[in-house]
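Since we're looking at a predicted model, the values are computed, not measured. In what follows, every chain begins at residue 1, and chains take the letters A, B, ... in the order their sequences are listed.
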Amino acid sequence: MDLTRDQKLELYRYMRLNRVVEERLVNLYRQGKVVGGLYRSLGQEATSVGTAYALAKGDIVGPLIRNLGVVLVMGYTPRDVMTQYMARATSPSGGKDCNLHFGKPERGVISPISMLGALIPVMAGIALAGRMQKKNLVAMTWIGDGGTSTGAFHEGLNFAAVQKLPLVVVAENNGWAYSTPFRKQTAAPNLVSKAAAYGIPGEQVDGNDVLAVYGVARRAVDRARSGEGPTLIESLTYRMKGHAEHDAQAYVPKAELEEWRQRDPLERYTRVLLESATATADELAAVDRSISEEVDREVESAEKAPLPSPEAANQDVYAPRVAEGEPVVVRRRS
Amino acid sequence: MDLTRDQKLELYRYMRLNRVVEERLVNLYRQGKVVGGLYRSLGQEATSVGTAYALAKGDIVGPLIRNLGVVLVMGYTPRDVMTQYMARATSPSGGKDCNLHFGKPERGVISPISMLGALIPVMAGIALAGRMQKKNLVAMTWIGDGGTSTGAFHEGLNFAAVQKLPLVVVAENNGWAYSTPFRKQTAAPNLVSKAAAYGIPGEQVDGNDVLAVYGVARRAVDRARSGEGPTLIESLTYRMKGHAEHDAQAYVPKAELEEWRQRDPLERYTRVLLESATATADELAAVDRSISEEVDREVESAEKAPLPSPEAANQDVYAPRVAEGEPVVVRRRS
Amino acid sequence: MSGAAPHLGAEGATPAAKGQTTYVDAIREGLREEMARDERVFLLGEDIGVYGGAFKVTDGLIAEFGEERVIDTPISETAIVGAAVGAAMMGMRPVAEMQFIDFISCAFDMITNFAAKSRYRHGVGVPLVIRGPSGGGVHGGPFHSQNPEGYFAHTPGLKVVQPATAYDAKGLIKAAIRDDDPVLFFEHKFLYRRIKEELPAEDYVVPIGKAAVRRAGRDLTVVTYGAMVWTALEAAKTLEAEGIDVEVVDLRTLFPMDENTVLESVAKTNKAILLHEATRTGGIGAEIAAVLSERCFEYLDGPLVRVTAPDTPVPYSPPLEEAFLPNAEKVCRAARALAAY
Amino acid sequence: MSGAAPHLGAEGATPAAKGQTTYVDAIREGLREEMARDERVFLLGEDIGVYGGAFKVTDGLIAEFGEERVIDTPISETAIVGAAVGAAMMGMRPVAEMQFIDFISCAFDMITNFAAKSRYRHGVGVPLVIRGPSGGGVHGGPFHSQNPEGYFAHTPGLKVVQPATAYDAKGLIKAAIRDDDPVLFFEHKFLYRRIKEELPAEDYVVPIGKAAVRRAGRDLTVVTYGAMVWTALEAAKTLEAEGIDVEVVDLRTLFPMDENTVLESVAKTNKAILLHEATRTGGIGAEIAAVLSERCFEYLDGPLVRVTAPDTPVPYSPPLEEAFLPNAEKVCRAARALAAY
Ligand SMILES: Cc1ncc(C[n+]2csc(CCOP(=O)(O)OP(=O)(O)O)c2C)c(N)n1
Ligand SMILES: Cc1ncc(C[n+]2csc(CCOP(=O)(O)OP(=O)(O)O)c2C)c(N)n1
Ligand SMILES: [Mg+2]
Ligand SMILES: [Mg+2]
């Protein structure tokens, strides 16, 4: 469970990548090139990156729209993300769906729908199938403080607990659900106390400390993989921007925002790496530069990507028809 | 909070009434006079009666189909219940709906729909309206161990907790949800642990001890009425019959059933009353006799009740149309 | 009609004659055969394992296939369907039971938004089946008698089927399981033990998307599905004696609908009655009317007449439910008027 | 058309001319007036208080009426509607917002089973309003663009309305609040800031259950509602130049539908196009076709033609969404063919 130096640098790399991709998205948004809204993850990068990094090859995630770091860890490229936001034909969803709504089981990512909570039962089903298929995989998904109020969250987590499924649910408590503060979302003092309702372990972690997040997530993943069932992790973090770029978050107390700005996860981790002599400032600057260049290239190529052609609007509602009489191929029982 | 002798006898009376009405319903069912299924509350009478008895005039309940004792405490008559089960025109629902699906706010009872959990948000709304209307009323509702797995349970209880509504939710843990045992319904060790998820008090009680049930319910009702918000009560009891009369409950371990038979709430309470010299055997026998006679009369009159006439099938989908131009009467702001 | 003419109409169940399979047994047989041939198939739902289901549709399957493949779930329709969606995305073939189809309303979001739209959104197919008992006639009241198929026929990405015969019940459940898209399989509880017929010994499927002409006729067409197929046939018999020759089209698949079979029939008879047990406004009958009035206009020699339940909840008391449900007499009345038109 | 002819079609919002009220402001005015005149009226939903709602429909109302009557709720559509049901049973007049109408799927059971059936089951009325932004044209993707009105028009006990003008938006929300039954009020988000007109100073309601003829014409009728009313009017203008005189009927109430106004119009023009933004199969257009082909058969001189979105989810990318949405050109094409029929 101890991370190597390379792994620690990789964590840094993903967090930086998360942030830089998002900054470029903001530019594109201001240029009017993003179609629809832009949902920021500023200040929450450690949670996305630290949790997803605890997974192994073959594991499957179900991220939400602020989990940009998750899809990057899972191997989607900055271009994938940017073409999505620009509604291009070559985006992972081919322009059919928006922002981070994309994924394929083969790529280890399941796309959310907008309805919060709905991913939890679905990811329980992923975990269930994985067990039936003897894949020894772990499923991981994320939910906001607001999303925990949905019926789907409850039903999904309860089902997973009863079935002792290898599922990790990361509840990102970032203080707000759109304009609604935590205390109007639930009367519980925190989210981790909800684990008791399902008879599963709950762990709370400083969500802006990437190593701590990784540690907690890794324990939960290990428990899941060894058949001990689901864990609910509460990651304490903060939404540093409005619900979406159009929201100036006038309802957020300035002091609170300032307080959390001091705990910026990327700056904190940079300090940790430097102070522990894991990396030098030059080394990190080199990483930053390479990311910057990579993202520049990706933006350029994303901007050249074509919009979908209108005919695609009518395609792929159903599977291509299997020709009549053609035998359906199935795996026979061995 | 201490009960008078009369009140203690009234508790006995309601429990006995609950049991006797149900026995007559079984007779009617065997005679083919009940239309549809019959859902028993045998062994759970103390929970229905003890909780509802803790309410005051003006309070409002939302019972489920096993809460026969609740509607009796609220003042519905044995005939009401029997005409319902026999689908008669003069039943509280006029033959439109079945079994204990009836109620009117004016009568202090809200009818459930079959979908388990759905009553919880609705009763939260009752409590909310009561508060807005400054009625100082308490809303109480019941849910099975199985019903706690629904999304509606979660959303409703969470909403009530955030709003600190005067709502008491009684979770009747009777061991089974149809054929599904408790451990397949939830991985939590009990239902009371679910209170923590909502930041509200939870209390567990021996559901076959009517005085204990009353005590816990009364505390919860008092808390609710004094503005301290909802309580989740777990009542530990047992479903002594199958899910419905047609279900022979072959899946229930015989020993478990026998064990719970020893704890029959009515027999237990009878012993308590006698041993504490609250009542003599003769007095109780007199109560039993009067109930028996009352129910006999009610059965007779229920059997004479007419079936609805077919025209009613098309009526009352919508409110009668307000004649055009007719002013809508509303209370003006004072 | 496939196989022997099934018995219908008796109030109680009549024991199946030797070699005959009831509608409920046909569904179970279909499930069992698919589970045996394809290890990806599994079942989940409330009380479907140990108890065998509220209507015993899955009776005995847990003994045969084990509790990993016949899963008793908590009371959580959203989790049941959601877990089925996830498993289907992983290549499994889940079949989820709604204990009564009325409870499908509790999984509405999961079905219409997650399952229905996944392939379109990113090419991830969701080959699941959701099945359960629908329909009235057994005094189940407002929440144990509904016919919600219309909601789902208005949801692109779903397929909606409802068998009327034991042959189709088996053939369609097998086709539904093999289908690469989400299929909603509406059983009619009134038929479970009331109809039976001899089924082929060999493996067969009834293709999704194909209607069946249950009775050929010249004077008018009744387009219907589910239990109402039998009502239509009963009416046709009565009407035959009066010299009105009725064609009965059983849609079998409600969405996407086999428009061609409907059009061909009405192009021949020139008149149509649209019959269903679901409530009137916005039901399948409306869709058929739209298809006919758009694509078959020149062939119509009379108004399109709907015979359906009225726009009310399903009432419980027998006289009320009888007034509510369409029946052969109501069909005959409409047919006589239309024939005379 | 009531009031001044509203402006439509510009991509961005144009500031309202003096004395003119936009569609979104009209809804807010309606809510405010009803809250002021009747203390039983209160609002609940996600982010409707402090923030004023995702589309600012309820902006400022919490300041005016306090947080007891403008309630910011958790993300719990079932609890929002459920609490509204309970409060309505107690004589209150709750108005619940769905942040986007797409999320109404999460309250489907509560709406269709609890709210819709209560009066029928025991005479307990549920006078609640559920409102929210529906419709596409703003690249919101599959979950922020839906038109789910068809589901609810198939649910007896509910009333379903959708205003096309600012006048109606205000008059219908007020009527909905005063109605004794559950009313679903579908707003079209594309219209919020794109149309405006002068509204009467005095209190008025637009009665539920009454359609409006938006343009008189002789050659054919377009029956439609919501944003598509403007599309129909735009098409009518183009067609006028070509010598095709189109009548436009705005349903306003989709269920229970004002069949008489539709029938009268088509009995006059003898041809009809059924236009809506919702997907085709099982939509409101199907119901209108059924009504016309049943009750207006002898007056029909041509097929009933549906112009609707195709049977797919709502795609996100602009070229895809444009292909998906009905528009004036598509209406013109259908109208030309029908006129020539
Ligand atoms: C079921 C449902 N209702 C409403 C919404 C609209 N909505 C989108 S995001 C959001 C707030 C989410 O808050 P939270 O879950 O805390 O996540 P965060 O935005 O803080 O990451 C809301 C209300 C939704 N997506 N799903
Ligand atoms: C949402 C929903 N799903 C399924 C059902 C079918 N059903 C009726 S009762 C029951 C079991 C209920 O168990 P529990 O909640 O423990 O109550 P009990 O019967 O023990 O009183 C089930 C599954 C239902 N009524 N509602
Ligand atoms: Mg949040
Ligand atoms: Mg139980």
Side-chain angles (χ1 to χ4, degrees), chain A residues 34-37 83-84 86-89 91 93-99 101 112-118 143-154 176-182 184-187 242-244 246-247 249-251 306-318, chain D residues 11 45-56 58 62 67 71-82 98-100 102-110 136 138-146 279-281 309-325:
Chain A
V34 163
V35 179
T83 50
Q84 271 285 128
M86 294 193 289
R88 303 304 166 101
S91 72
S93 78
K96 295 278 185 70
D97 206 342
C98 36
N99 55 60
H101 284 202
I113 61 174
S114 292
M115 288 69 189
L116 293 167
I143 187 81
D145 40 294
T148 63
S149 301
T150 61
F153 167 85
H154 178 71
W176 298 91
Y178 211 142
S179 72
T180 304
F182 185 82
K184 283 195 184 175
Q185 198 66 239
T186 176
H243 172 63
H246 68 260
D247 168 17
Q249 55 177 352
Y251 46 83
L307 285 166
S309 68
E311 302 79 59
N314 251 317
Q315 289 160 6
D316 296 325
V317 179
Y318 294 101
Chain D
E11 195 45 37
E46 296 152 15
D47 308 293
I48 65 164
V50 175
Y51 192 67
F55 286 90
K56 302 289 175 190
T58 55
I62 195 170
E67 69 175 13
I71 302 174
D72 277 323
T73 68
I75 303 178
S76 301
E77 282 74 14
T78 286
I80 292 168
V81 176
M98 301 284 107
Q99 191 159 88
F100 284 79
D102 309 64
F103 302 124
I104 203 169
S105 56
C106 299
F108 191 80
D109 178 54
M110 197 54 86
V138 301
H139 318 315
F143 307 110
H144 288 74
S145 311
Q146 294 181 43
T279 57
R280 183 180 182 86
T281 298
D311 280 338
T312 77
V314 188
Y316 155 63
S317 188
L320 301 180
E321 192 181 17
E322 204 178 308
F324 172 88
L325 290 173

Between A:Gln185 and A:Thr180: side-chain donor-acceptor atoms closer than 3.5 Å: no

Heavy-atom distance under 4.5 Å to chain D: side chain of [X], backbone, both or neither?
{"X": "A:Ser93", "value": "neither"}
{"X": "A:Asp247", "value": "both"}
{"X": "A:Gln249", "value": "neither"}
{"X": "A:Val317", "value": "side chain"}
{"X": "A:Leu116", "value": "side chain"}

Top contributor to chain A interface from D:Ala54, D:Ala79, D:Pro142, D:Ala323 [non-hydrogen pairs under 4.5 Å]: D:Pro142

Choice from D:Gly49, D:Gly141, D:Ser76 maximising heavy atom contacts with chain A below 4.5 Å: D:Ser76

Would you say that [X] contacts [Y] through its side chain, given a criterion of any heavy-atom pair below 4.5 Å between the two side chains?
{"X": "D:Phe324", "Y": "D:Thr279", "result": "yes"}
{"X": "D:Glu46", "Y": "D:Glu77", "result": "yes"}
{"X": "D:Phe143", "Y": "D:Phe100", "result": "no"}

Residues, nucleotides or ligands: over 12 heavy atoms within 6.0 Å of D:Glu322 CD: no

Partner residues of D:His144 under the side-chain hydrogen bond (donor to acceptor under 3.5 Å, both in side chains) criterion, sequence neighbours left out: none

Rounded distance [0.5 Å steps], CG in D:Asp102 versus CE in A:Met115: 5.0 Å

Most chain D-contacting option - heavy-atom pairs closer than 4.5 Å, from A:Ala312, A:Ala244, A:Cys98: A:Cys98

Winner by heavy-atom pair count (cut-off under 4.5 Å) against chain D, out of A:His101, A:Met86, A:Lys184: A:Lys184

